[in-house]
Amino acid sequence: MEKAFVAQRVAKKLFVTEAAVDGALAEASELMSEMLRARKDVNVSMVFADEAAVKMVEAIRALSEARTAMVGVHNELNEAKLRLGIRAKMAIEDKPHFAAEIVQTKMRDVG
């Protein structure tokens, strides 16, 4: 099988995994926000369900570490692709739609 097709197959899975980790992190953050709002809405003390809040923060931290690890995986796979001699950017049709929304910052002269 041609290297480029194998790399494209791996890239598709990478993008799906990255999107899943980002989605889980976003959902966990929204849950934490909802938990804090709910405590306030039912008018209970800050100590109420504090252990649940602590666990939620731990989960968010773990997801953040997973996200950082996925960035590392992405960079390592990009290096592996180059070592295999695959220079072209992979045209992935099912790359998550949010990737197209990323705005690239341009450098400009200041002063």
Legend entry - Path from L63 to L36 over hydrophobic side-chain contacts below 4.5 Å: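 They do share one cluster, since a chain of ILVMFWY contacts under 4.5 Å joins L63 to L36.
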Inset, instruction - Only pairs at least two apart or in different chains count here, so list each salt bridge (charged side-chain N to carboxylate O under 4.0 Å, His left out) that has a residue in residues 60-71. - result: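 Matches after skipping sequence neighbours: D22-R67.
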Legend entry - Whichever hydrophobic residues join M70 through chains of side-chain contacts under 4.5 Å: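 Once heavy-atom contacts under 4.5 Å are chained together, M70 belongs with V10, L14, V21, V73, L77.
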According to side-chain hydrogen bond (donor to acceptor under 3.5 Å, both in side chains), who are the partners of [X], at least two apart in sequence or on a separate chain?
X: T17; result: none
X: R83; result: none
X: E27; result: none

Inset, instruction - Mark yes or no for whether K3, through its side chain, and L84, through its backbone, hold a donor-acceptor pair below 3.5 Å. - result: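 Side chain of K3 to backbone of L84, a donor-acceptor pair under 3.5 Å: yes, one is there.
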Legend entry - Which atom of V57 lies closest to which atom of M32, heavy atoms considered: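 The pair with the smallest heavy-atom distance is CG2-CE, 3.9 Å.
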Legend entry - Minimum heavy-atom distance S64-L25, with the two atoms named: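 S64 and L25 have their closest heavy atoms at N-CD1, 4.1 Å.
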Show the atom names and distances, to 0.1 Å, of all donor-acceptor pairs under 3.5 Å that link a side chain in residues 43-56 to residues at least two apart or in another chain.
| from | atom 1 | to | atom 2 | distance (Å) |
| --- | --- | --- | --- | --- |
| S45 | OG | V47 | N | 3.2 |

Legend entry - Partner set under side chain to side chain contact (heavy atoms under 4.5 Å, CB included) for E2, not counting sequence neighbours: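 Side chain to side chain contact (heavy atoms under 4.5 Å, CB included) list for E2, sorted by chain: A4, F5.
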Legend entry - Of all pairs that satisfy side-chain hydrogen bond (donor to acceptor under 3.5 Å, both in side chains), the ones with a partner from residues 28-41, not counting sequence neighbours: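 Residue pairs with at least one partner in residues 28-41: S33-R37, E34-R37.
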